Every structure is written in C-alpha cells, then in structure tokens.
Amino acid sequence: MKVISTIRELRAALGPHRLLGRTIGFVPTMGYLHEGHLTLARHARRDTDIVVASIFVNPLQFGPGEDYEAYPRDVDRDRAMLESVGTDYLFSPPVREMYPTRPDTYVDVPHLGSMLEGAVRPDHFRGVATVVTKLFNIVQPTRAYFGEKDYQQVMVIRRMVSDLSMPVEIVPVPTVRDEDGVALSSRNVYLTPEERRAAVRLNRALALARSLVDEGIASPAALERRLRDYICEEPLAGIDLVAIRDADTLEDPGDAFPDRILVLLFVRFGKARLLDQVVIENRKAEG
Ligand code: AMP
C-alpha cells in the first residue's frame, strides 16, 4: 500500500490506472479505523480494481465547541489495518493541503442537510458535501463506499451526486456492530466503561421500535414517545434527537407510518454523541 499526502502525487499515481481502464473504489474516512471502515474497504476490494482510502479529519464539518481537536487519531495503526484488507493507496493529506486558504466555495444540500443531525449540527453537512466533492475531484472514483450508520450522510451524498451529475456510484454498506449490538464508531473511545455498557440502550431502542411497529403501534408520535421514555430510563443517556421519518425522503410522516420507516437516534453518553438508526419495512403498508 502506498501512502500519499499530496493531491499532485495521488493524481500522478492514479492517472495510469485510469488510462488502463481500471475501476477505482474509494473509501473516505476520518481515521481511527475499526471493523466498520474495514468492511467498506473489503467491499471496495471485492468490487473494484484499485482501492483508495482516505483519512482526513475535516475541520469544515465540525462546529464550534465540537470535538475537532480531540478527535482520536492513530495513523500508524490505521495504515496497518488498511493494508491488511488489500488497500492500494492511502491518501492522508494535512489540512493545509486540502485547504491552503479558507475556502470560498462550498457545496451545500440545504434541505436534506438541515434536517435531523443537521438541525443539531448546523453546517455539518455543508462541510461533508464540500470535502466529499473535493475528494471525488481528486480521486475520481468509479464507486465510493459509505456506511448506512450515517444514513442521512448517504442521503445527502446521493442527492449531491445526482443534482450535480457527478460520475460516481454511491454504494451504501450496512452498519457493523459490536457483539452487544453497539454500532462501531471512532467516537466510542470517548466512553467510560460504564457509559459503554449504557450505550447498548441505543440498539435496544431500535429493536424495540421494530417490535412496536410489528405489533401495530398507532402512530409515529406514539412510537417516538415510547422510544424517548425507554432511552430516558438510562440515566447516563442525554437525548439530542429521536426521530421517526420516511426513510426515502427524511420527511416527517405526520400521522401515518410510511412504507419504509427510518428511526434515528442521536444520544449523548458523557462526552460522546452517538448516532444509530434502523430502517423498518412497514409490513402493513405492503398488505
Ligand atoms: P468516519 O471515519 O466516522 O467519518 O466514517 C467513515 C465511513 O465509515 C463513513 O461512510 C461511515 O458511515 C462509515 N462507518 C462508520 N462506522 C461504521 C459502522 N459501524 N459500520 C459501517 N460503516 C461505518
């Protein structure tokens, strides 16, 4: 695996592959990798000729007072992990390479990007859309892999790619979880052992949502109330967001469940803000 830190060098390395008609699979990350990231890289390895991963903690997507400075970093470990799954190139640019000056051009997906997590973190998705556009321009991938754990992020990127006719296929990958069901996240490192144990409540709340829908709970509002109550029973959990949405549009479904129900949770445990979600097929809608 070749590790590259400048845009010029990466373009020089990838150009010949492109000329030979090789497909390029791209896995953008912020590093401090875990099995979730590696699963994206394995998918890319399976599907495409050349696998490029990036590690870049993007300052544009962090708000004031968020964890940009504290975000965990361990490039040597990440490098070995990416190598072990057959990554060909690791692009890990310093901030000054990506943003030599404060950018005056942004990519914004303001409707989708201001909902849900975007309401809690203003400008977050503008930062994501801008850096992903920049990385797509640098790597020019055939396919790019994103985790469904960040469901809204996948929606925002898909919309951006469609609206701007970007020549890349977006491939979503299911969430990888620990044995107890907690979604893997670089931010889990912020959890104390006690908070880590408490965090199982997120995944359990999603399982509860599924069974309540199957049992025919009356409305999205009733489901939201039950989930809030269930999460609040855990004293270490602080709710930022419990949302029931139409999984295809992220819109509020009003009184009736849509065909595909997104249940999205954004909950604080100590210093960590954890995100988890599930899409539930509404069997009633099929019948
Ligand atoms: P991050 O480094 O957190 O920005 O994540 C980089 C990519 O890995 C994003 O597309 C995430 O959605 C994805 N990802 C993070 N955690 C998981 C997980 N537990 N399972 C699958 N994909 C994940």
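Atoms within each ligand, like the ligands themselves, are counted from 1 in listed order. From a predicted model like this one, the values you see are computed outputs, not experimental measurements.
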Contact check, side chains of Val27 and His37, non-hydrogen atoms, under 4.5 Å = no
Pick, from Phe56, Tyr32, Tyr71, the option with the minimum heavy-atom distance to atom 3 (O) of ligand 1.
-> Tyr71
Closer than 4.0 angstrom: is that true for some heavy atom of Thr39 and an atom of ligand 1?
-> no
Contact with ligand 1 for His34, non-hydrogen, under 4.0 angstrom = yes
Presence of salt bridge, [Y] and [X], under 4.0 angstrom:
| X | Y | answer |
| --- | --- | --- |
| Arg196 | Asp178 | yes |
| Asp49 | Arg18 | no |
| Arg42 | Glu35 | yes |
| Glu233 | Arg201 | yes |
| Asp240 | Arg121 | no |

Looking at [X], which atoms of ligand 1 are within less than 4.0 Å of one of its heavy atoms?
| X | answer |
| --- | --- |
| Pro28 | 6 (C), 7 (C) |
| Leu184 | 16 (N), 17 (C), 18 (C), 19 (N) |
| Phe146 | 10 (O) |
| Pro174 | 21 (C) |

Does Leu14 share a hydrophobic cluster with Val3, counting links as ILVMFWY side-chain heavy atoms below 4.5 Å and allowing steps through other members?
-> no
With only distance considered, is [X] within less than 3.5 Å of ligand 1 through an N or O on each side?
| X | value |
| --- | --- |
| Ser185 | no |
| His37 | yes |
| Met30 | yes |

How close does the nearest protein non-hydrogen atom get to [atom], and which residue and atom is it?
| atom | value |
| --- | --- |
| atom 11 (C) of ligand 1 | Asp150 OD2, 3.1 Å |
| atom 20 (N) of ligand 1 | Val176 N, 2.8 Å |
| atom 22 (N) of ligand 1 | Gly147 CA, 3.5 Å |

What part of Leu40, side chain, backbone, both or neither, has a heavy atom within less than 4.0 angstrom of ligand 1?
-> side chain
Note: Val263 and Ala209 closest approach over all heavy atoms is CG2-CB, 4.1 Å
Is Arg187 positioned over the aromatic face of Tyr71, cation under 6.0 angstrom from the ring centre and no more than 45 degrees off axis?
-> no
